[in-house]
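Right, one structure below, let's go through it.
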Amino acid sequence: MAPMSDATRPVTTDPATLVARAVPEKVSLEGIEDRWAATWQEQGTYAFDRSKSREQVYAIDTPPPTVSGSLHVGHVFSYTHTDVVARFQRMRGAEVFYPMGWDDNGLPTERRVQNYYGVRCDPSLPYVEGFVPPHEGDAGGGKSARDQVPVSRRNFIELCVRLSGEDEQQFEALWRRLGLSVDWSMTYQTIGEHARAVAQAAFLRNLARGEAYQAEAPGLWDVTFQTAVAQAELEARDYPGFFHRVAFHRPDGLPVHIETTRPELLPACVALIAHPDDERYQALFGTTVTSPVFGVEVPVLAHPAAEPDKGAGIAMCCTFGDLTDVQWWRELQLPTRSVVGRDGRLHRDTPEWISSSSGRAAYDELAGKTTYSAREAVVGQLRAAGDLDGEPVATQRKANFYEKGDKPLEIVTSRQWYIRNGGRDENIRAALMARGAELDFNPEFMRVRYENWVGGLNGDWLVSRQRFFGVPFPVWYPLDDAGEPDHDHPIVPDESALPLDPASEVPAGYSPEQRGVPGGFAGDPDVMDTWATSSLSPHIAGGWLADPDLFSRVFPMDLRPQAQDIIRTWLFSTVVRSHFEHGTLPWAHAAISGFILDPDRKKMSKSKGNVVTPMDLLVEHGSDAVRYWAASAKLGTDAAFEVGQMKIGRRLAIKVLNASKFALSFGDSPLDVPLDPTLVTDPLDRAMLAGLAVVVDGATAALESYDHTRALELTESFFWTFCDDYLELVKDRAYGAGGREAGTAAAQSLADTSADSPADALAHTLAHTLAGARSARAALGLALDVLLRLFAPVLPFATEEVWSWWRTGSVHRQQWPDAATLRTVAAGADPAVVTAAGTALAALRKVKSEAKVSMRTPLLSVTLALPAALRPGIEAALTDLRAAGRVTGTLELLDDEVDVPVAMAAELGESEPRS
RNA sequence: GGGCGAUUGGCUCAGUGGUAGAGCGCCUCGUUCACACCGAGGAGGUCACUGGUUCGAUCCCAGUAUCGCCCACCA
């Protein structure tokens, strides 16, 4: 049961007045997560108030985790960073818009649904009402495509939403336990109806403005997945190959040698190309040569992209072997002679440009072969023709792969949808570069990744995919009399009809019977790239189109938190969409988290079997402890997975509980720890609060610049000094007249006081003792109040626990502490007083530590040698120092040439018996 | 090949143009009435290397090495 709901305790709403709540006898972190997560949910602690204006809102574009995978410690790490920001902003007074999305769109979900339910998507099928899948469960699904039952796209999406829903519950449970201060009433799915409508509407608007277009063009193609792939999804990998030195023939019969790793593309050769300044080939420019085996005449051309020191210095340009080929083809206006098909095999029909009978015969041997087999065949043919110079030489080359694929990409010509991104337009590129310059990257050095990427784009953003599952392009094409689609005149729907599936829905003015027949219509068969949806996350989360009122209050957003490896994809594509749709950045700040490295300093990955389940981690160490570990790592810096750091976090959380319990324990109830600033009169107490004011300033500035580690470090180091030194110094005084040391303190004070009569002296002393106790208690209360707020973003559970013992409401809805208030209470005191007294106390402890006696052992007399600079501070806290050091006799201060106070001539008494 | 980051005690990391910091681990001591999921004290580092600037460099500059990452690299 949550303490907050205990109706028997008196409650007051005046924040300046203390509530007599109970401090537990024994404090513990056990069960703290469940208790407070439930309370926060009940009380709507993190509910977003949508009546607030854009200026009052701090909006976060939370990354939607992929639900088809599982969460790992890297997620816990980076999401904690975001939550710290959210909590800080909330306490600063902002209304924090912190939604959570689930990314259930894309290939991983498609595969998982196929296996889980034993189905596959076939967009040509009609929707079946109440469809029951043949299997359910990870173990029972169809293993091969043959066993899978084909279903319509709509049925497939329904199954996806269903399966994702189950995963999402587990994800949410984890996030709640971690303490993310998300408003759980605002979640979205990237394959959900709203997200699909947003993606389709945004696309139609891009299309209407000319930012989206269709083109038949050479593009990267994955032969395994049978889909086009975007530049952003490329991954360069090492790939073994062979250099083949091959002779082309000049009209005079002399050979021109080129080197190639892809001889199977010889029939696709359209030119030989060398650098314009390359002396060796000057005479050849403008002439033609014939290809070996196939006997096709091709020109020798000059182009600056040819590199004289690569291979033979003269390259065979084929359509298409690589992206340089595409560049040459485009810039030199070369013909298209494609031989590799979408299935990764050479075309079955012999190309018409191979005219010689021997060449056609040679091609016949290649027709239908995979590129790998064709390569072997061509090498044989070259060798037989005597045009292979020497034997192939093994080489390690880099080839482009689709990130999820395992075969090198081919370049094939196909009709695809593109969105302009500056890759082919300098004005757009410059505008997007400028957007990047506007964005506040944290850390700053991440900006270069954006700039490198935008600067290096070599084509527009390919957004269509030849997959079945995803958001369909909401267009149809009229069919001509021959039944061929007219791609230049797509039929578009009204935005109000979205989302829709052109495979099952019919465009206005047509009837269902006209689908696929001459004179009728056909739906666009493709779906959108996953980034085409993700790039609209602010729109999806913010209710664009569906809820314009909400959108106006949250967009443009404040923060995009994300991982460093998707700057080129998610971050950039979001900037593109927002730039076109709104002419603004989608958010003002980006917070880029690093990766988690395993102990071998490698990126944590499942395949290495070193992934720790996040829930286990939270259960074992406690959420605050894990959050502490995460919050100890700077943005943008890769961090080690360090259990030790979590243990430190746990220790800190426990210390917060224990120290708070102690600070609230003086007197009969927490009521005796008043939050009345006027009671703070003691110089040591004022000095402590002055030091805390410095911490508040530093932590606030750090958090404002997204430096949560600095804020935590400042707070933490103050807190430990507060516990080890300040608390120890003041505890006897704080007990006051009723405290166990009262007699000693009073007697000592009496001895120090020059009064006219013993009676006056006693009255004076008692008053003084009472005032001192009040000062200490008030200072402890004020400090605790501020410390709990400072820790709240990182340790939401422990701080809330303590808050509940003592105060009303949630600490997470309190104002961030204000240094000016503390300074007023501190009344100009110097924080150095605490430091000075602390070092003096350490010197006294050292005497006992070296004598190997208990810290309770009294010091009958002692002389402290100290640097003169520390004298004023130590004198100001002398009474407290005597009490904390159990100095029963004389304590003499002696200025000396030392760095820190050193106890000399110490006389130890007998250890006190236990009372 | 271009770029970004890192290199500080055994480990994980702070940090500053002027005598090097924390926590963990280690050693010693202390069952102390907030805390044994504890406390006190201590040992431990030529701040990767080589030059340069400077009165003075761990810090600034240039270069080298190693590690990680991003981009380019298929002739």
Side-chain angles (χ1 to χ4, degrees), chain A residues 23 26-29 234 236 239 241 243-246 258-262 265 272-274 305-307 310-318 321-325 395-400 408-409 411 443 445-453 455-456 458 564-565 567-568 594-595 597 599 601-603 621-622 625 629 632-634 636-645 647-648 650-665 709-710 713 716-717 720 723-724 727-728 731 740 841-842 844-857 899 911-912 914-915:
Chain A
V23 179
K26 182 82 181 165
V27 302
S28 166
L29 294 175
L234 296 188
Y239 190 68
F243 278 124
H244 304 78
R245 189 169 162 87
V246 173
I258 57 102
E259 283 185 21
T260 179
T261 56
R262 302 205 55 188
L265 292 178
L272 295 193
I273 295 170
E307 296 178 38
K310 245 183 179 175
I314 186 163
M316 164 176 88
C317 174
C318 303
D322 62 25
L323 293 172
T324 315
D325 286 344
T395 176
Q396 195 71 8
R397 63 198 186 106
K398 290 278 188 181
N400 282 323
L409 295 171
I411 296 175
F445 66 75
M446 287 295 177
R447 182 187 304 285
V448 300
R449 307 223 175 165
Y450 180 94
E451 290 169 349
N452 283 351
W453 179 251
N458 56 30
Q564 55 184 308
D565 55 337
I567 290 175
R568 64 177 177 169
F595 292 128
L597 305 176
R601 312 236 27 110
K602 298 272 189 268
K603 187 179 166 186
H621 300 284
W629 160 72
S632 302
K634 287 192 283 200
T637 301
D638 294 345
F641 176 73
E642 258 273 288
V643 171
Q645 198 67 14
K647 292 185 171 161
I648 297 167
R650 186 173 178 87
R651 193 172 75 124
L652 175 63
I654 292 170
K655 193 76 171 180
V656 166
L657 298 184
N658 277 313
S660 301
K661 174 187 162 196
F662 188 48
L664 296 173
S665 70
T709 57
R710 177 88 186 126
E713 195 181 302
E716 193 186 3
S717 99
W720 283 110
C723 292
D724 295 346
L727 261 176
E728 292 295 330
K731 67 185 186 186
R740 73 192 150 86
L841 179 58
L844 299 182
R845 286 169 176 159
K846 190 169 178 173
V847 170
K848 299 176 189 179
S849 195
E850 286 179 348
K852 303 191 174 181
V853 297
S854 158
M855 290 295 144
R856 299 169 67 216
T857 309
D899 295 334
S911 191
E912 287 173 28
R914 294 195 58 174
S915 50

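No experiment lies behind these values; they were computed from the predicted model shown. Below, all heavy atoms of this structure are taken into account, side chains as well, without hydrogens, waters or symmetry copies. Chain A is the first sequence line, chain B the second, and so forth, proteins listed ahead of strands; every chain is numbered from 1.
- Checked against B:G68, B:A14, B:A34, the side chain of A:L727 finds its nearest nucleotide in B:A34.
- The OG1 atom of A:T857 sits 8.0 Å away from the CE atom of A:M855 when rounded to the nearest 0.5 Å.
- With C1' as the reference atom, B:G45 and B:U19 are 14 Å apart, rounded to whole Å.
- Contacts of A:E642 with the nucleic acid, taken as non-hydrogen atoms under 4.0 Å apart, involve only primed sugar atoms and P, OP1 or OP2.
- To the nearest whole angstrom, the two C1' atoms, one in B:U58 and one in B:U7, are 12 Å apart.
- The distance between atom CD of A:E451 and atom C1' of B:G3, rounded to the nearest whole Å, is 11 Å.
- B:G23 atom C1' lies 11 Å from atom CD of A:E713, rounded to whole Å.
- Rounded to whole Å, the distance from CG on A:L652 to P on B:A22 is 18 Å.
- A distance-only check finds a donor-acceptor pair linking the side chain of A:R650 to the backbone of A:H621 [under 3.5 Å].
- Atom name P, nucleotides B:G3 and B:U64: the rounded distance is 11 Å, in whole Å.
- A:K852 has its NZ atom 8 Å from the P atom of B:G30, to the nearest Å.
- Contacts of A:E307 classified as salt bridge (charged side-chain N to carboxylate O under 4.0 Å, His left out), with partners at least two apart in sequence or in another chain: A:K310.
- Rounded to whole Å, the separation between the C1' atoms of B:G41 and B:U32 comes to 16 Å.
- The gap from the P atom of B:G23 to that of B:C38 amounts to 14 Å, rounded to the nearest Å.
- What separates NZ of A:K661 from P of B:A34 is a distance of 8 Å, to the nearest Å.
- For the residue pair A:G321 and A:R262, the shortest heavy atom distance occurs at O-NH1, 3.8 Å.
- Taking atom CG of A:D638 as the reference point, atom P of B:U12 lies 14 Å away to the nearest angstrom.
- The nearest whole Å value for the distance from the NZ atom in A:K848 to the P atom in B:U32 is 13 Å.
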How does RNA chain B look in dot-bracket notation if pairs are Watson-Crick or G-U with both distances under 3.5 Å, crossing ones as [ ], other-strand ones as |? (((((((..((((....[..)))).(((((.......))))).....(((((..]....))))))))))))....
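- Checked against A:V27 for a side-chain contact (heavy atoms from CB on, under 4.5 Å), the options A:I654, A:V656, A:L657 give a single hit: A:L657.
- Spacing of C1' atoms, B:C59 relative to B:A48, comes out at 15 Å, to the nearest Å.
- When the P atom is compared between B:U66 and B:C49, the two are found 16 Å apart, to the nearest whole Å.
- When all heavy atoms of A:L727 and A:A659 are compared, the pair lying nearest together is CD1-CB, 4.2 Å.
- Taking atom P in both B:C24 and B:G39, one finds a spacing of 8 Å when rounded to whole Å.
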At under 4.0 Å between heavy atoms, how does the protein contact nucleotides 70-75 of chain B? Give one character per nucleotide, 5' to 3', with B, S or -. SSSBBB
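- Across all strands, A:C723 comes closer than 4.0 Å to base atoms (heavy-atom distances).
- In this structure, A:E642 has no side-chain hydrogen bond (donor to acceptor under 3.5 Å, both in side chains) partners at least two apart in sequence or on a different chain.
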Which nucleotides of nucleotides 36-44 of chain B have their base under 4.0 Å from a protein heavy atom (B), which only their sugar-phosphate (S), and which neither (-), written as one string 5' to 3'? SBSSBSS--
Please list each protein N or O that sits under 3.5 Å from an N or O in nucleotides 16-19 of chain B, with the distance.
none

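- A:F595 approaches A:D638 most closely through the heavy-atom pair N-OD1, 2.8 Å.
- Considering every non-hydrogen atom in both A:A399 and A:P408, the closest pair reads CB-CB, 4.3 Å.
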